[in-house]
S.K.: 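I have a structure here, written as structure tokens, and I will follow up with some questions on it.
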Amino acid sequence: QVQLVESGGGLVQAGDSLRLSCAASGFTFSDYTMGWFRQAPGKEREFVTAISRFGGTSSYANSVKGRFTTSRDNAKNTVYLQMNSLKPEDTAVYYCARNRPGSSGYFANNYDHWGQGTQVTVSS
């Protein structure tokens with residue numbers, strides 16, 4: 001069965017960095033665009049970034065552009081989210097998800113499997 005497991009979250013200070021990992025299993029990882037979303041208390045789930053099958057194309061929300069970078073290692077079935085210059089408004093649960101082939105990576109409805117999430121808290 002498809003499984004996505006996020007790790008790497010934690011409590012950091014503003015300006016610090018974190019790297020999140022998402023380990024995938026149960027499917028051919030390189031066949032899928034992968035995405036990261038986040039959800040803060042009282043807010044809707046928000047697109048963060050998506051990366052194409054072989055890492056050649058990525059897209060970012062304007063709020064994280066220039067600070068966050070996504071990458072993937074298909075040999076390890078893992079996708080990463082490097083987060084730099086963290087701000088308190090980045091505080092959220094971060095989710096890794098698998099995109100349906102041929103669909104937009106921006107919309108959460110176009111993802112068919114989700115991880116359990118990992119908490120990122122940024123203090124001021």
Side-chain angles (χ1 to χ4, degrees):
Q1 59 269 43
V2 173
Q3 189 173 26
L4 301 171
V5 181
E6 301 96 333
S7 61
L11 173 62
V12 298
Q13 294 182 320
D16 285 352
S17 297
L18 280 175
R19 189 175 80 154
L20 307 184
S21 298
C22 172
S25 61
F27 64 99
T28 303
F29 184 66
S30 61
D31 283 350
Y32 295 88
T33 288
M34 300 296 295
W36 290 93
F37 289 76
R38 66 188 183 185
Q39 189 164 26
K43 297 184 66 178
E44 290 188 332
R45 191 162 296 190
E46 176 188 29
F47 170 78
V48 177
T49 184
I51 184 167
S52 62
R53 294 170 60 195
F54 300 105
T57 304
S58 58
S59 58
Y60 298 88
N62 288 336
S63 59
V64 307
K65 198 170 298 181
R67 299 188 298 120
F68 290 11
T69 304
T70 189
S71 61
R72 64 193 294 164
D73 186 340
N74 288 346
K76 295 182 177 180
N77 288 351
T78 302
V79 60
Y80 303 95
L81 180 62
Q82 178 67 45
M83 305 185 294
N84 298 327
S85 302
L86 282 161
K87 304 174 180 179
E89 50 263 46
D90 295 319
T91 295
V93 177
Y94 283 71
Y95 298 91
C96 170
R98 189 182 82 170
N99 183 245
R100 296 188 181 93
S103 68
S104 170
Y106 177 78
F107 300 103
N109 284 167
N110 288 339
Y111 291 80
D112 59 5
H113 288 280
W114 296 78
Q116 83 289 347
T118 186
Q119 176 71 48
V120 173
T121 303
V122 185
S123 63
S124 60

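All of these numbers come straight from a predicted model, not from anything done at the bench. The first residue of the sequence shown is numbered 1, and numbering continues consecutively from there. Every heavy atom of this structure was used, including side-chain atoms; hydrogens, water molecules and symmetry mates were not.
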S.K.: Side chain to side chain contact (heavy atoms under 4.5 Å, CB included) between T91 and Q119: does it pass, once the steps are laid out?
M.R.: CA-CA 8 Å; T91 295; Q119 176 71 48; 4.0 Å; yes
S.K.: For a side chain to side chain contact (heavy atoms under 4.5 Å, CB included) check, start with the C-alpha distance between Y80 and C22, then their side-chain angles and the critical distance, and finish with the verdict.
M.R.: CA-CA 6 Å; Y80 303 95; C22 172; over 6 Å; no
S.K.: Treating N77 as the side-chain partner and F29 as the backbone partner, does any N or O pair qualify as donor plus acceptor under 3.5 Å?
M.R.: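 Checked: no pair found.
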S.K.: Decide if atom CG of D31 counts as having more than 12 heavy atoms of other residues, nucleotides or ligands within a radius under 6.0 Å.
M.R.: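 For D31, atom CG is crowded (more than 12 foreign heavy atoms under 6.0 Å).
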S.K.: Are Y95 and M34 in one and the same hydrophobic cluster, where Ile, Leu, Val, Met, Phe, Trp and Tyr link if side-chain heavy atoms are under 4.5 Å apart?
M.R.: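 Y95 and M34: separate clusters.
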S.K.: What closest approach, in Å, do P88 and S124 show between heavy atoms, and which atom pair accounts for it?
M.R.: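 Answer, listing the atom of P88 first, then S124: CG-CB, 3.9 Å.
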S.K.: Just how far is it from atom OG1 of T121 to atom CG of D90, taken to the nearest 0.5 Å?
M.R.: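 Nearest 0.5 Å value for the OG1-CG distance: 11.0 Å.
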S.K.: Going by heavy atoms in the side chains, are D112 and V2 under 4.5 Å from each other?
M.R.: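 SC-SC contact between D112 and V2 ruled out.
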S.K.: Has the side chain of E46 got a donor or acceptor atom that lies under 3.5 Å from a matching backbone atom of R38?
M.R.: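 Looks like no, no N/O pair under 3.5 Å.
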S.K.: Treating Ile, Leu, Val, Met, Phe, Trp and Tyr as nodes and any side-chain heavy-atom pair under 4.5 angstrom as an edge, say whether L11 and V122 lie in one connected cluster.
M.R.: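 Result: no, two separate clusters.
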S.K.: Measure across Q116 and V5 and return the closest heavy-atom pair with its distance rounded to 0.1 Å.
M.R.: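 Closest pair (atom of Q116, atom of V5, distance): OE1-CA, 3.6 Å.
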S.K.: Given the rule that I, L, V, M, F, W and Y join up when any side-chain heavy atoms are under 4.5 Å apart, are Y94 and I51 in one cluster?
M.R.: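 Yes.
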S.K.: So, for S17 and V12, which heavy atoms are closest and what is the spacing to 0.1 Å?
M.R.: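 Reported closest heavy-atom pair: O-CG1, 4.5 Å.
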S.K.: Do F37 and W114 make the cut of ring centroids closer than 6.0 angstrom?
M.R.: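 Yes, the ring of F37 comes within the 6.0 Å limit of the ring of W114, centre to centre.
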S.K.: From S30 OG over to R72 CZ, what is the distance, rounded to the nearest 0.5 angstrom?
M.R.: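 Here the interatomic distance stands at 7.5 Å.
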S.K.: I would like to know whether F27 and H113 meet side chain to side chain contact (heavy atoms under 4.5 Å, CB included); could you show each step before the answer?
M.R.: CA-CA 11 Å; F27 64 99; H113 288 280; over 6 Å; no
S.K.: Please name the pair of heavy atoms, one in A50 and one in G105, separated by the smallest distance, quoted to 0.1 Å.
M.R.: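 Looking at all heavy atoms of both residues, the shortest contact is CB-O, 4.2 Å.
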S.K.: Is it possible for you to say whether V79 and V120 belong to one hydrophobic cluster, with membership spreading through side-chain heavy-atom contacts below 4.5 Å?
M.R.: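 Linked, V79 and V120 end up in one cluster.
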S.K.: Taking side chain as C-beta onward, heavy atoms only, is L20 less than 4.5 Å from E6?
M.R.: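 With C-beta onward as the side chain, the pair stays apart.
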S.K.: Do Y60 and T69 have side chains that approach each other closer than 4.5 Å (heavy atoms only, starting at C-beta)?
M.R.: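 Result yes, sub-4.5 Å side-chain heavy-atom pair found.
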S.K.: Taking all non-hydrogen atoms of both residues, which atom of T118 and which atom of G9 are closest, and how far apart?
M.R.: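 Looking at all heavy atoms of both residues, the closest pair is OG1-N, 3.2 Å.
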S.K.: How far does CD of Q82 sit from OG of S21, to the nearest 0.5 angstrom?
M.R.: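 OG of S21 is found 9.5 Å from CD of Q82.
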S.K.: Just verifying a value: how many Å separate R45 CZ and K43 NZ, rounded to the nearest 0.5 Å?
M.R.: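 One finds 13.5 Å between CZ of R45 and NZ of K43.
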S.K.: When you measure from the side chain of Y106 to the backbone N and O of A61, does any donor-acceptor pair fall under 3.5 Å?
M.R.: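 The answer is no, because no donor-acceptor pair under 3.5 Å joins these two groups.
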S.K.: Okay, side chain of R19, backbone of G8: is any donor-acceptor separation there less than 3.5 Å?
M.R.: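 Looks like no, no N/O pair under 3.5 Å.
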S.K.: Provide the closest heavy-atom pair for S52 versus T33 in the form atom of the first, atom of the second, distance.
M.R.: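 Closest pair (atom of S52, atom of T33, distance): CA-OG1, 3.6 Å.
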S.K.: side-chain contact (heavy atoms from CB on, under 4.5 Å) with F68: which of L86, T49, L18?
M.R.: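 Between F68 and the candidates, side-chain contact (heavy atoms from CB on, under 4.5 Å) is satisfied uniquely by L86.
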S.K.: Treating Ile, Leu, Val, Met, Phe, Trp and Tyr as nodes and any side-chain heavy-atom pair under 4.5 angstrom as an edge, say whether L81 and F47 lie in one connected cluster.
M.R.: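 In one cluster with L81: F47, no.
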